[in-house]
Amino acid sequence: MFKKPADVKTTQRLSGADKKKLRRTAKERFPQASDADLDAILPPKVEITVAKYPNHALVYGIEGEVPMIFNIDARGHELFPTVYALWKVPHLLPAFTLKGGEVSRYVIGGADLMFPGISIPPEGFPSFEAGQPWAVKVPGNPAPIAVGTTTMSSTEAVKAGLRGKALKILHYYRDMDSIDNHYVPNEGFFEDIVVEDPNFVSTSQSPDSAEELEGTHDGGVSSEDAAVDISDNHAADPDIHSVAMEEITEGVNELKLPEDKTTEQAPDEMEHHNLTTEEIDSLLDKCLLQALYTSIKEKDLPMPGSTVWSNHILPCRPPGITLDIKKSSHKKLSKWLQSKSLSGLISAKEDKHKKEIILLGINRKHPDYVAFKPEKRVQEPVEREKAVAESSVAKQLEILEIYKPTSHVKPIFLAVEADMEKYYSASEASDIVFRYVEKENLVKPTDKAKVVLDVTLCDALYKGAIKKGSAYPTEIHKKDLGSTFLNRMQVHHKVSRGTQEVIRKGAIRTIQIMTERRQGNKKMTRLSGLECFLMDPDSLASELQKKFACSTTTAELPGKKGQYEVLVQGGVIDDLAKHLVDHYGVPKRYIEVYDKTKR
């Protein structure tokens with residue numbers, strides 16, 4: 001919110017009516033918050049102030065204390081809690097957990113959060129939509145360090161291979177230094193980094209878990225397997241915590257504490273606790289072969305090891321069984337996949353830039369693969385009913401932003417022998433420029449997080465974009481290289497529904513739903529922009545006529561040949577938007593709603 005120091009334009013106290021309105025808006029924005037939660041961040045019997053900033057941000061807080069709530073558009077509807085509010089009510093927002101405290105250097109430095117820097121839970125990410133508010137935490141520390149909005153849904157993130165930007169950071173710890181007076185919630189917070197809270201680690205550690213720590217030191221996740229693109233020279237400050245504390249907290253972070261603490265355990269869980277190392281190794285191999293047969297496709301390769309694990313290996317485990325790679329003989333995911341690569345079953349190697357093991361290929365002629373017989377999962381009755389119900393719903397819509405090389409980046413593609421006529425996803429395009437960097441050995445020797453720009457790369461990124469007389473950059477940070485390279489390519493979007501697929505230049509246009517008054521007090525809802533989403537206006541009009549029991553018709557838009565709008569009798573604007581989301585799979589962010597009857 002304040003990457004640069006900002007002076008307050010005005011500060012004023014809220015009236016009683018405005019305080020009640022702010023509280024109602026906060027309750028609508030955070031429905032999971034109880035009255036006690038709201039009392040903690042917006043006490044009813046104290047003065048609440050609002051500070052207005054030049055960047056149109058409004059910051060609400062208790063007078064004389066730290067800020068609690070802010071919005072970035074000065075309208076007051078898209079409210080976000082500050083980290084100080086989350087320190088009081090941590091469950092106000094869901095949170096992504098970083099792979100380690102080192103990543104926090106970048107987040108509290110103002111950088112957006114990327115998927116490779118997030119620790120993926122064993123059960124995978126929970127479901128989320130684009131534009132939702134989320135917090136960011138460091139493992140072993142319960143206090144959030146940043147707040148932002150998701151840039152894509154969980155479904156889109158999986159399709160993108162868990163690459164790219166996960167969270168657009170709006171506010172982070174220490175971006176309000178002029179306001180917060182260096183207030184910190186625990187001993188894990190420092191000026192340029194946030195690490196595990198020693199007090200939280202010690203209180204959350206039980207006597208039994210302390211014994212387990214001795215066995216987890218050798219199986220901890222190293223920085224190699226963290227898949228975080230950080231500089232090699234950003235080592236942890238010795239003053240922050242000792243080597244002994246690092247070992248203890250590393251072990252605690254890797255513990256899998258059971259969510260259900262009842263004394264009774266399911267038979268499968270009891271059986272899992274008695275599995276030997278050899279049995280776990282065998283189960284891992286079986287799950288890998290099952291995944292290679294059923295879910296990992298050649299078109300999805302190359303694939304990050306974390307994606308292989310969370311989206312393919314874990315779903316293939318038997319019901320009720322929890323797979324823990326650290327209890328196997330390999331201890332680490334990277335070592336296990338490398339062993340399978342040495343055996344010839346798969347082809348895998350470590351990505352030097354992303355610090356992660358990558359699955360490159362599958363040897364479907366390998367004896368183990370040929371001899372394996374994949375299990376046919378029995379579909380539960382509920383799942384069968386769901387499948388029948390979904391068969392009557394419109395075919396799944398898929399929207400993907402893709403990029404085509406331009407003359408600006410042509411030399412880079414030619415240098416790495418990449419196809420200039422092909423369309424690339426964001427992650428694929430970024431891989432192209434990093435391949436060039438690796439080929440030309442352009443990583444800065446004294447700062448591994450930066451890339452030195454040679455003439456070819458500098459022209460590809462900046463030629464024509466720098467004003468005459470201005471100096472060209474000589475280096476660029478790795479975290480900015482991919483996005484800068486994408487900005488020099490031509491953006492397209494690919495829309496597919498069933499067997500239909502279309503690719504169009506530019507960003508996708510949204511569906512417009514508008515309700516207006518006609519003669520007398522009659523309302524009419526207009527729906528346009530359907531063609532971008534492979535929806536037939538006539539079929540939709542007929543469907544809506546039956547669904548809403550009203551008159552519908554279609555008409556060609558004036559001056560736009562081949563583009564039609566659907567006219568629906570009545571003010572069904574909200575129901576219509578919901579129908580497009582539920583039945584046709586159109587993401588909410590691609591639907592714009594206007595109600596002219598309320599003006």
Asks: Donor-acceptor pair, distance only, cut-off 3.5 Å: does the side chain of Asp112 make one with the backbone of Ala166?
Replies: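 Pair absent, no side-chain N/O of Asp112 close to backbone of Ala166.
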Asks: Assess whether side-chain hydrogen bond (donor to acceptor under 3.5 Å, both in side chains) is satisfied between Ser425 and Ser427, documenting all intermediate values.
Replies: CA-CA 6 Å; Ser425 66; Ser427 59; 3.2 Å; yes
Asks: Compare every heavy atom of Asn71 with every heavy atom of Tyr60, then report the nearest pair and how far apart it is.
Replies: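 Heavy atoms only, the tightest pair is CE1-ND2, 3.8 Å.
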Asks: Should Thr11 and Val50 be marked as a side chain to side chain contact (heavy atoms under 4.5 Å, CB included) after you check the CA-CA gap, both sets of side-chain angles, and the distance that decides it?
Replies: CA-CA 6 Å; Thr11 302; Val50 56; over 6 Å; no
Asks: Report yes or no: does Ser282 contribute a side-chain atom to a donor-acceptor pair with the main-chain N or O of Glu278 at less than 3.5 Å?
Replies: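 It does not hold such a pair.
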Asks: Over 60° means perpendicular and under 30° means parallel, so tell me whether Trp336 and Trp309 are parallel, tilted or perpendicular.
Replies: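 Trp336 and Trp309: perpendicular rings.
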Asks: Centre-to-centre under 6.0 Å for Phe96 and Phe128, is that the case here?
Replies: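 Judged by ring-centre distance (under 6.0 Å), Phe96 and Phe128 do meet the cut-off.
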Asks: Looking at Lys340 and Asp285, does any basic side-chain N land under 4.0 Å from a carboxylate oxygen?
Replies: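 Looking at Asp285 together with Lys340, the answer is yes, because their closest N to O distance falls below 4.0 Å.
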Asks: What heavy-atom pair brings Ala111 and Ile169 nearest, and what distance separates the two atoms?
Replies: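 Closest heavy-atom pair between Ala111 and Ile169: O-CG1, 3.5 Å.
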Asks: Going through the distances and angles, do Ile118 and Leu113 end up as a side chain to side chain contact (heavy atoms under 4.5 Å, CB included)?
Replies: CA-CA 8 Å; Ile118 299 175; Leu113 179 61; 3.8 Å; yes
Asks: Determine yes or no for a side-chain-to-main-chain donor-acceptor pair under 3.5 angstrom, with Arg13 supplying the side chain and Thr49 the backbone.
Replies: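 No, Arg13 side chain to Thr49 backbone: no donor-acceptor pair under 3.5 Å.
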Asks: Taking the six-membered ring for Trp, are His171 and Phe80 ring centroids under 6.0 Å apart?
Replies: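 No, ring centres 6.0 Å or more apart.
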Asks: Begin from the C-alpha positions of Phe115 and Met152 and carry the test side chain to side chain contact (heavy atoms under 4.5 Å, CB included) through to its verdict.
Replies: CA-CA 11 Å; Phe115 275 110; Met152 63 181 79; 3.9 Å; yes
Asks: Under the side chain to side chain contact (heavy atoms under 4.5 Å, CB included) rule, what do Val443 and Lys478 come out as? Steps first, then yes or no, please.
Replies: CA-CA 9 Å; Val443 177; Lys478 283 183 179 179; 4.2 Å; yes
Asks: Just by distance, do the side chain of Arg105 and the backbone of Glu102 share a donor-acceptor pair under 3.5 Å?
Replies: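 No; zero donor-acceptor contacts below 3.5 Å.
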Asks: Considering residues, nucleotides and ligands other than Lys286, do more than 12 of their heavy atoms fall under 6.0 Å from its NZ?
Replies: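 Open.
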Asks: Look at the side chain of Thr307 and the backbone N and O of Met303, then say whether any donor-acceptor pair between them is shorter than 3.5 Å.
Replies: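 Such a contact is absent between Thr307 side chain and Met303 backbone.
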Asks: How many angstroms lie between CD1 in Ile313 and CD1 in Ile296, if you round to the nearest 0.5 Å?
Replies: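 Ile313 CD1 to Ile296 CD1: 5.5 Å, rounded to 0.5 Å.
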Asks: Check Val107 against Ala146 and note the closest heavy-atom contact, atom names and distance.
Replies: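 Closest approach of Val107 to Ala146: CG1-CB, 3.6 Å.
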Asks: In Å, rounded to the nearest 0.5 Å, how long is the span from CG of Leu486 to CD of Glu401?
Replies: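 One gets 8.5 Å once the value is rounded to the nearest 0.5 Å.
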Asks: Working to the nearest 0.5 angstrom, can you tell me the gap between Leu453 CG and Leu481 CG?
Replies: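 One gets 8.0 Å once the value is rounded to the nearest 0.5 Å.
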Asks: Would a distance-only check, ignoring hydrogens and angles, find a side-chain to backbone donor-acceptor pair under 3.5 Å from Lys19 to Lys45?
Replies: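 Such a contact is absent between Lys19 side chain and Lys45 backbone.
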Asks: Might you point out which heavy atoms bring Ile399 and Pro587 nearest each other, and give the distance in Å?
Replies: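 So the two residues come closest at CD1-CD, 4.0 Å.
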Asks: Could you go step by step and tell me if Asn487 and Thr484 meet the side-chain hydrogen bond (donor to acceptor under 3.5 Å, both in side chains) rule?
Replies: CA-CA 5 Å; Asn487 289 336; Thr484 305; 5.4 Å; no
Asks: At their closest point, which heavy atom of Val59 faces which heavy atom of Pro67, and how far apart are they?
Replies: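 Val59 and Pro67 have their closest heavy atoms at CG1-CB, 3.2 Å.
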Asks: I'd like a table of donor-acceptor pairs (distance under 3.5 Å, sequence neighbours excluded) in which one partner is a side-chain atom from residues 133-143, with atom names and distances.
Replies:
| unit_1 | atom_1 | unit_2 | atom_2 | d |
| --- | --- | --- | --- | --- |
| Asn141 | OD1 | Ala143 | N | 3.2 |
| Asn141 | OD1 | Asn186 | ND2 | 2.8 |
| Asn141 | ND2 | Asn186 | OD1 | 3.1 |
| Asn141 | ND2 | Val195 | O | 2.9 |

Asks: What distance separates Ser295 OG from His312 NE2, expressed to the nearest 0.5 Å?
Replies: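 Those atoms lie 5.0 Å apart.
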Asks: With rounding to the nearest 0.5 Å, note down the distance linking CG in Leu92 to CE in Met68.
Replies: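 Reported value, rounded in 0.5 Å steps: 11.0 Å.
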Asks: Does Ile325 offer a backbone N or O that forms a donor-acceptor pair with the side chain of Lys331 under 3.5 Å?
Replies: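 It does not hold such a pair.
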Asks: My understanding is that only residues two or more places apart in sequence, or in another chain, count here; which of them pass ring pair (Phe, Tyr, Trp, His ring centres under 6.0 Å) with Phe189?
Replies: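 Only Trp87, Tyr173 meet the ring pair (Phe, Tyr, Trp, His ring centres under 6.0 Å) criterion with Phe189.
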Asks: Strictly distance-based, threshold 3.5 Å: is any side-chain N or O of Thr151 a donor or acceptor partner for the main-chain N or O of Lys165?
Replies: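 It does hold such a pair.
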Asks: With a 4.0 Å cut-off on N to O distance, would you call Asp39 and Arg23 a salt bridge?
Replies: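 Salt bridge present between Asp39 and Arg23.
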Asks: Quick check for you: to the nearest 0.5 Å, what is the distance between Ser154 atom OG and Glu129 atom CD?
Replies: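 One gets 6.5 Å once the value is rounded to the nearest 0.5 Å.
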Asks: Of all the heavy-atom pairs spanning His330 and Ser339, show the shortest one and how long it is.
Replies: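 Heavy atoms of His330 and Ser339 come nearest at CE1-OG, 3.4 Å.
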Asks: So, the side chain of Glu279 versus the backbone of Thr276: is there a donor-acceptor pair under 3.5 Å, distance only?
Replies: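 Yes.
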